[in-house]
2 protein chains.
Amino acid sequence: MNDQDTSDSILDAAEELFAKQGFAATTTKQIGSAAGVNPALIHYYFGNKEGLYRSLLGRLFESIMARGAEQLATSPPPDAAVRALIGIQSDTMVAHPSFPRLLARELVDHGMTHAGDSLSRLSETLFRRLCELIRGGQEAGLFRRDMDPRFAAVSVVSLVPYFHIARPVVGILLESGPEGPDEEAMRAYGRHAAEFALAALAARPDARATTEPAESG
Amino acid sequence: MNDQDTSDSILDAAEELFAKQGFAATTTKQIGSAAGVNPALIHYYFGNKEGLYRSLLGRLFESIMARGAEQLATSPPPDAAVRALIGIQSDTMVAHPSFPRLLARELVDHGMTHAGDSLSRLSETLFRRLCELIRGGQEAGLFRRDMDPRFAAVSVVSLVPYFHIARPVVGILLESGPEGPDEEAMRAYGRHAAEFALAALAARPDARATTEPAESG
DNA sequence: GTCTATAGGTGGATAGAC
DNA sequence: GTCTATCCACCTATAGAC
């Protein structure tokens, strides 16, 4: 086993364990054992436990940010772009189950010990792009104008991550067993989320009338 | 200080520290120090650290579930009910900042060491009620029928919690400083979330046409 | 690069005085 | 009920052999 293999297997094992148990609850012994290497090698390759965590988050967030930015580079019409963004979120999280958990832990821990800015940069880059898209859609008359574009952007990006973060509990609610929704259900939710977001954003042909339901039938 | 005061001050201090740092990263010494009591009293009142955590989650989730169930008891029309539910979420999280963080930690840790079913019961009770509401709204022609009511319910309940879970990062995105959005911004987002959800759910007067934007101008 | 052995420190929990 | 003292387990990190 060359050093690349060794450090990769440590990163892989740590990613899964940190996602499942959290940073503090995971021991270097567990990581070494799961990776099939001696725990002392963690210090040889990454300096210390926190260095390992940083490396792993960097590797994960950079690769995902690259994919997202690439997809949004070809400026499509706003509604197609929103659909594409949600599709990327869903595909990424289906393919990489430890990502939403690590993301959730970093979101609540933000500013504490760890990763710090790789998450901030990921968010900022994609988020600003999304805000502009929504504002553009509003100006084009495609999206309703009575929503703050930044709030709308938060709402758009919240749907898929929340589903995956809450996956064990969502599994109970959807009656898909204790393992959470299966892959097909996760993909189906991704499609739903895109429809839900676009329906929320869409301008109404006859605005005022539809928000107030028929009263006193 | 009588025993009620003592155990309450331990619960309060632990709630804040567990929310901020997580269960494993918080020491009994920290809790005792923050509560102004001897750490050994944790074992006197709660048996062990995990017993303390369970008590605290129970206290928090029960009180919130009670408030939510009470509000939804008076069966209002579906759209008003959705608005009310999101309002409760927002009010609860604004008033009780440690709740969203503890919720997030429990969501990702679910099935691991801790609380287990106080969260499941909270979710199931309110969630089933919401599913029925949405299905009812669909049958009444108030909500669009081409959405799975359970997926729609997940989407509806995801908005406000995600905003609060991601509060530190959302603060960066909204440029409200490192402390996250202030109370007014949080309340404003709550109002937005209700509009966003209702717009997504609402039936269109002329359905098919609006989802496809004008093509090849 | 990889392993063993171990140092150094901390955390949860208990016993027992008050 | 509250405090002090302490035990034991365990975890991170390092030194040093191979």
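Worth saying up front: this structure is predicted, and the values here are computed from it rather than measured.
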Is the side chain of A:Gln138 donor-acceptor paired with the backbone N or O of A:Met147 at a distance under 3.5 Å, no angle test? yes
Applying salt bridge (Lys or Arg N to Asp or Glu O under 4.0 Å) to B:Asp12 and not counting sequence neighbours gives B:Arg59
I need the CD1-C1' distance between B:Ile31 and C:dA13, as an integer number of Å. 14 Å
Between B:Ser33 and B:Lys29 (side chain of the first, backbone of the second, donor and acceptor by atom type, cut-off under 3.5 Å), is there such a pair? no
Step through the shown structure and confirm whether more than 12 heavy atoms of other residues, nucleotides or ligands are within 6.0 Å of CD on B:Glu184. yes
Of the candidates D:dC11, D:dG1, C:dG1, the side chain of A:Tyr44 sits closest to C:dG1
Whole angstroms only, please: what is the CG-P distance between A:Asn38 and C:dT4? 6 Å
B:Phe46 CZ - D:dG1 P separation (whole Å): 13 Å
Quick one: is B:Tyr45 getting a side-chain N or O under 4.0 Å of the D:dT2 phosphate, OP1 or OP2? yes
Figure out the CD1/C1' separation between B:Ile10 and D:dT2, and round it to whole Å. 11 Å
Examine distances only and state if a side-chain atom of A:Arg167 and a backbone atom of A:Gly180 form a donor-acceptor pair shorter than 3.5 Å. no
What protein N or O atoms touch nucleotides 13-15 of chain D N or O atoms at under 3.5 angstrom, if any, and at what distances?
unit_1, atom_1, unit_2, atom_2, d
D:dA13, OP2, A:His43, NE2, 2.9
D:dA13, OP2, A:Lys49, N, 3.0

Find the distance B:Gln4:CD to D:dT2:P and express it as a whole number of Å. 12 Å
If only side-chain N and O atoms of B:Thr6 are considered, is one of them under 4.0 Å from the OP1 or OP2 phosphate oxygen of D:dG1? no
How many whole angstroms separate atom NZ of A:Lys29 from atom C1' of D:dA9? 11 Å
Rounded to whole angstroms, how far apart are CG on B:Asp3 and P on D:dT2? 7 Å
Applying a 4.0 Å non-hydrogen cut-off, can you work out what A:Ser7 is touching in the nucleic acid: base, sugar-phosphate, or nothing? nothing
Could you point out which residue of B:Lys20, B:Arg105, B:Gln21, B:Arg101 forms a side-chain hydrogen bond (donor to acceptor under 3.5 Å, both in side chains) with A:Asp109? B:Arg105
Minimum heavy-atom distance between B:Arg83 and B:Ala194, given as atom pair plus value: CG-CB, 4.1 Å
For A:Leu41 and C:dT2, give me the distance from atom CG to atom C1', rounded to whole Å. 6 Å
Assess the residue pair B:Tyr189 and B:Leu159 against the criterion (side-chain contact (heavy atoms from CB on, under 4.5 Å)); give the C-alpha distance rounded to whole Å, side-chain angles, the decisive distance to 0.1 Å, and a yes or no. CA-CA 9 Å; B:Tyr189 182 80; B:Leu159 298 169; 3.9 Å; yes
Describe, as an angle rounded to 10 degrees, how the axis at the first end of the helix from C:dG1-D:dC18 to C:dC18-D:dG1 is tilted relative to the axis at the last end, five pairs per end. 0°
Between A:Glu183 and A:Arg187, is there a salt bridge with N-O shorter than 4.0 Å? yes
